[in-house]
Enquirer: 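Below are the structure tokens for one structure; questions will follow.
Both backbone and side-chain heavy atoms feed into the values below; hydrogens, waters and symmetry mates do not.
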Amino acid sequence: MSEAEGDRIAELAKRRGFFFQTAGVYGGVGGFYTYGPHGASLKDNLEAAWRELFVTREGHMEIDAPTVMPESVFAASGHLETFDDMILECPDCGASHRADHLVEDNTDIEEAESLPPAEIATTIAEHDIACPTCGVALAGEPVEEFNLMFETNIGPGTASPGYLRPETAQGIFVDFPQLSQYARNQLPFGVAQIGRAYRNEISPRKGLVRVREFSQAELEQFFDPETDEPPLTRVADVSLPLYSATQQAAEDGGLQELTVGEAVDRGVIESDWLAFYLGLSLDWYASVGVDMDRFRYRQHRPGELSHYAADCWDAETEIGGDWVEVTGFAYRGSYDLDKHADYSGESFSVFEQYDEPVTVERPTVDPDMSELGPRFGGVATDIADALETRAERDPDAFDGETVTVEVAGDRYTVPVEQTGFAVETVTESGEHVTPHVVEPSFGIGRLVYTALVHAHREDEVDGETRQYLALPPSVAPTTVGVFPLMDRDGLDEYAQRVAGELRATGLSVTYDDAGAIGRRYRRQDEVGTPFCVTVDYDSLEADTVTIRERDTTAQRRVPVDDLGETVLALRDGDCRFDEL
RNA sequence: GCGCCGGUGGUCUAGUGGUAGGACAUGAGCUUCCCAAGCUCAUAGCCCGGGUUCAAUUCCCGGCCGGCGCACCA
């Protein structure tokens, strides 16, 4: 652990091209990192592994939405309001406070968040609100607005404000009606997306942990909360390291090791869908290089939940003594779809057919427009609509001779016989359901960082300290290094040919003929290359090469003919090195 | 954003009011028949701006960036 752990990785990352701070020649810019060659490759491999599970294996759809969205999207999602904080700083002690919270705590005003900053400042002065930290009067202090979303303008001028998305999820929610079509309106279905998101953090910290631009891999699992069940049996026996809100509150609370089945049965995880994804994801973390002894699922405490979340579990990894959120598994309910339905006026529900149609009695109207039209003129259609609404809500009103409806403040009386009122027996074949959402949201950069930190090892070879990255072969940036033992006598040509043949199989290969052989092994150790192939003088005689394993430095001699297949099998875990 | 501390080749560092030295890494060459060996040579640096001074990498101020604490973290 220790800070040294993060420092070592930051140093290695910069020196060997995993990641580094962007625009260093201009002094650098806070919270922005560039992935170097090895880092970009590692990140790609991690994303591919994610896609393999959450898209391909689970059969979900993947989309790619824009990173800039119009204001209306975030007005509906709640981000415009929740991300726009009013900060007030104490002139005396320097503490920052949420100005709207000060007002709410000290006055009868609720939802002060929706008030303009000037009004908040006036209210603070009027009520003589003092700094909660030191007690100094805050009257007259400026209320600063701070929005965590990057704002921009769409097109010329400022008429169409746009925002860089603070999460990729809204790109899925906002086009749910379209996506539902592609899923043939069949719940449950999932939509995945890998992409960039942006948050103008007040103070970015700790390398890749808190940055202003980052990659998310998110899955939105849509389901009918009444009828749809996840395939829990597939993961029922997976053992989860759980740190529930209850355990966090308990004095002696610690991790609970429960299987997915047990956690659901005991109500530790309330949502079956959340439980399913916690179970499904566990092995994935291990497969991309997370040290599972430094991993836990932690439930959000009640006050910690996001504005949209009903329940949330974070996957956390331990880095330098701190626990870092690498995934949020949120139960978002129907919050997002309801909001977009509300703001847009469009339907964000799915029509679900019943197994058996249901017959119900329903009051209907069929107004006689040949009577209503001449009599009421332009408002006739509005009156017809009002009659229809009235019939649905208050069919008893049609019991008498006439019925009265109100349109735009005026009352109109219509003879019931002209309304065509009837109670019909209709057959309903289904109903409209607004799906609920469970969302696993992976922070790719934090996982890359975790993979590097957890993979870092030191050992001793022939009295020399060796530094290496024990990355899983499937995610390591380079799979195999190829070296000629000597850069002469035809060994180099032979090795070049071997490297070319390996590349042709689709493997990620690096060729190195510079310096002593040991130095070349070390270079590859440091960037986590799991296998190195060396061409020596025996190769020229017998067409065999040595293959060396990173973690043990052990070597085997193998025929060059099926080298490609051998390395592929080693990378994919179809064969163990000590079986060669 | 506030406070404290810091910023010297790609990396890690020494040092200084008269523009800098090392180690590692990198490149070229020699050597070398499997784990950072050795030799020669080469490339490469005082975060930015202002001030004080004959002279600033060094002192002062501001900025940028980083670490830590506070705040923030949908």
Enquirer: Thinking salt bridges, do Arg332(A) and Glu167(A) make one under a 4.0 Å N-O criterion?
Expert: yes
Enquirer: Separation of Arg488(A) atom CZ from rG29(B) atom C1', in whole Å?
Expert: 14 Å
Enquirer: Between rC65(B) atom C1' and Arg212(A) atom CZ, what is the distance in whole Å?
Expert: 11 Å
Enquirer: Assign each of His300(A) and Glu11(A) to its nearest nucleotide of RNA chain B by heavy atoms, then name whichever residue's nucleotide is nearer the 5' end.
Expert: Glu11(A)
Enquirer: CG of Asp7(A) versus P of rC12(B): gap in Å, rounded?
Expert: 9 Å
Enquirer: Output the rounded distance in Å from NE2 (His38(A)) to P (rU11(B)).
Expert: 17 Å
Enquirer: Does rA36(B) have a Watson-Crick or wobble mate here (both distances under 3.5 Å), and if so which one?
Expert: none
Enquirer: Just the rounded figure in Å: distance from P of rC12(B) to CG of Leu12(A).
Expert: 11 Å
Enquirer: Which distance, rounded to the nearest 0.5 Å, do you find between the CG of Leu219(A) and the CZ of Phe329(A)?
Expert: 10.0 Å
Enquirer: Which part of the nucleic acid, if any, lies within contact of Gly207(A), taking any heavy atom under 4.0 Å across all strands shown: a base, the sugar-phosphate backbone alone, or nothing?
Expert: sugar-phosphate
Enquirer: Would a distance-only check, ignoring hydrogens and angles, find a side-chain to backbone donor-acceptor pair under 3.5 Å from Arg522(A) to Arg466(A)?
Expert: no
Enquirer: Using atom P in both nucleotides, what's the gap between rU57(B) and rA20(B) to the nearest angstrom?
Expert: 11 Å
Enquirer: How far, in whole Å, is rC46(B) from rU8(B) if one measures between their P atoms?
Expert: 11 Å
Enquirer: Sort out the partner of rG45(B) for me: Watson-Crick or G-U wobble, both distances under 3.5 Å, none otherwise.
Expert: none
Enquirer: Validate the cation-pi geometry between Arg550(A) and Tyr468(A): distance from NZ or CZ to the six-membered ring centre under 6.0 Å, angle to the ring axis within 45°.
Expert: no
Enquirer: Mind checking the C1' distance from rG17(B) to rU52(B)? Whole angstroms is fine.
Expert: 11 Å
Enquirer: Side chains of Tyr285(A) and Leu447(A): does their closest heavy-atom pair fall under 4.5 Å?
Expert: yes
Enquirer: Suppose you measure atom C1' in rC65(B) against the same atom in rG49(B); what distance do you get, rounded to whole Å?
Expert: 15 Å
Enquirer: Both distances below 3.5 Å, Watson-Crick or wobble geometry, any strand: find the nucleotide opposite rU58(B).
Expert: none
Enquirer: What I'd like to find out is whether the side chain of Gln524(A) reaches to under 4.5 Å of the side chain of Thr510(A), using heavy atoms alone.
Expert: yes
Enquirer: Could you measure between the two P atoms, the one in rG62(B) and the one in rC2(B), and give it in whole Å?
Expert: 12 Å
Enquirer: My understanding is that a pair needs two contacts under 3.5 Å, Watson-Crick or G-U wobble. By that rule, which nucleotide pairs with rA23(B)?
Expert: rU11(B)
Enquirer: Could you check which nucleotide pairs with rG17(B) in any of the strands shown, counting Watson-Crick or G-U wobble with both distances under 3.5 Å?
Expert: none
Enquirer: Is a side-chain donor or acceptor of Ser334(A) paired with a backbone partner of Leu337(A) at a separation under 3.5 angstrom?
Expert: no
Enquirer: Would you please confirm or rule out a distance under 4.0 Å between OP1 or OP2 of rG66(B) and any side-chain N or O of Lys206(A)?
Expert: no
Enquirer: Scan every strand shown for a Watson-Crick or G-U wobble partner of rC4(B), both distances under 3.5 Å, and answer none if you come up empty.
Expert: rG67(B)
Enquirer: What string of B, S and - do you get for nucleotides 34-39 of chain B 5' to 3' if you count protein non-hydrogen atoms under 4.0 Å?
Expert: BBBS--
Enquirer: Please output the side-chain donor-acceptor pairs of residues 29-43 of chain A that fall under 3.5 Å, not counting sequence neighbours, one pair per line with the distance.
Expert:
unit_1	atom_1	unit_2	atom_2	d
Thr34(A)	OG1	Thr22(A)	OG1	2.9
His38(A)	ND1	Arg16(A)	O	2.9
Ser41(A)	OG	Pro477(A)	O	3.1
Lys43(A)	NZ	Glu47(A)	OE2	3.1

Enquirer: If we take the C1' atom in both rG45(B) and rG50(B), what is their distance in whole Å?
Expert: 23 Å
Enquirer: Identify whether any heavy atom of Gly31(A) sits under 4.0 Å from a base atom; if not, whether one sits that close to sugar-phosphate; answer base, sugar-phosphate or nothing.
Expert: sugar-phosphate
Enquirer: Does NZ or CZ of Arg296(A) come closer than 6.0 Å to the centre of the six-membered ring of Trp323(A), within 45° of the ring's axis?
Expert: yes
Enquirer: Tell which nucleotide pairs with rU52(B), taking only Watson-Crick or G-U wobble pairs whose two distances are both under 3.5 angstrom.
Expert: none
Enquirer: How many Å lie between CZ on Arg210(A) and P on rA71(B), as a whole number?
Expert: 12 Å
Enquirer: What's the CG-C1' distance between Asp322(A) and rC73(B), to the nearest Å?
Expert: 14 Å
Enquirer: Compare side-chain N and O positions of Gln21(A) against OP1 and OP2 of rG66(B) and report whether any pair is under 4.0 Å apart.
Expert: yes
Enquirer: Look through every strand shown and name the nucleotide pairing with rC72(B) as Watson-Crick or G-U wobble, where both distances are under 3.5 Å.
Expert: none
Enquirer: What integer number of Å spans the P atoms of rC5(B) and rC61(B)?
Expert: 11 Å
Enquirer: Both conditions, 6.0 Å and 45 degrees, for the charged tip of Arg446(A) above the ring of Tyr449(A): are they met here?
Expert: no
Enquirer: Answer with yes or no whether Arg205(A) presents, from its side chain, a donor or acceptor under 3.5 Å of a partner atom in the base of rC72(B).
Expert: no
Enquirer: Between Tyr26(A) and Gly515(A), which residue's closest nucleotide on RNA chain B lies nearer the 5′ terminus?
Expert: Gly515(A)
Enquirer: In whole angstrom, give me the gap between the P atoms of rA56(B) and rU19(B).
Expert: 11 Å
Enquirer: In this structure, how many angstroms lie between the P atom of rU26(B) and the CG atom of Asp513(A), rounded?
Expert: 13 Å
